[in-house]
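These notes concern the structure reproduced below.
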Amino acid sequence: MEAERKLSQRTPDSDPPYIAYFDEVELAVEIGHCFRDLGRSAEAAERGAGSIFGDGLNNRSDFFATMVQAEVYINQGEIGSGREIAKTALQLGEGLKSARCVQYVREFCERVSPTMRGAEEFRTFAEEARTFRLWQQCGLAP
């Protein structure tokens, strides 16, 4: 992929300061988002899987990447894996105050297919998720 090739060619002093954080993990996150938005869950899971294990330096980015991965796993029918990943994301989100984070949780619920939302395992997850602040903030809890 062209973006990966360009990223591998950069040198530490070639980037302006505002983009210095962008690395292979960030690229994997962006590729995962793109495949998810295209409805290609398998590619999103494959390309973005490494991105859910951030270095802890940017919880907000880790949160976004983890929510995307949770969604793609659930939509592939791997509800157990997606459920655990989503709980990890919601735990990361406990310390974040961001309208964009709330929007990601809302979109997660909207994008999970109706079939998967109806599965007992997902309904159990949704019940557990009600204890998390971001889930509550997006109107998904009573």
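Taking Asp37 as the reference, Arg111 meet the side-chain contact (heavy atoms from CB on, under 4.5 Å) condition, with sequence neighbours excluded. Taking the side chain to side chain donor-acceptor pair (under 3.5 Å) definition, one finds that Gln76 meets it with nothing, sequence neighbours left out. Here Arg117 pairs with nothing under the side chain to side chain donor-acceptor pair (under 3.5 Å) rule; sequence neighbours left out. Residues that satisfy the side-chain contact (heavy atoms from CB on, under 4.5 Å) test with Glu84, not counting sequence neighbours, are Lys87.
If you take CG on Leu90 and CH2 on Trp135, they are separated by 7.0 Å, rounding to the nearest 0.5 Å. Rounded to the nearest 0.5 angstrom, Gln91 CD and Asn59 CG are separated by 11.5 Å. Taken to the nearest 0.5 Å, the CZ atom of Arg106 stands 12.0 Å off from the CE atom of Met67.
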Item checked: Pair Tyr73-Arg83, side chain to side chain contact (heavy atoms under 4.5 Å, CB included): steps then yes or no -> CA-CA 8 Å; Tyr73 276 101; Arg83 171 185 175 170; over 6 Å; no
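Applying the salt bridge (charged side-chain N to carboxylate O under 4.0 Å, His left out) rule to pairs touching residues 89-100 yields nothing, sequence neighbours excluded. Within the structure, the ring-ring contact (aromatic ring centres under 6.0 Å, His included) test picks out the following pairs touching residues 82-111 (sequence neighbours left out): His33-Tyr104, Phe64-Tyr104.
Counting only heavy atoms from C-beta outward, the side chains of Phe63 and Leu134 approach each other to under 4.5 Å.
Pairing each heavy atom of Asn75 with each of Ser113, the nearest pair is OD1-N, 2.8 Å. Residues Gly93 and Arg133 approach most closely at O-NH2, 2.7 Å, considering heavy atoms. A pairwise comparison of heavy atoms in Ile19 and Arg10 identifies O-NH1, 4.2 Å as the closest pair.
Distance alone, capped at 3.5 Å, places no donor-acceptor pair between the Gln69 side chain and the Gly82 backbone.
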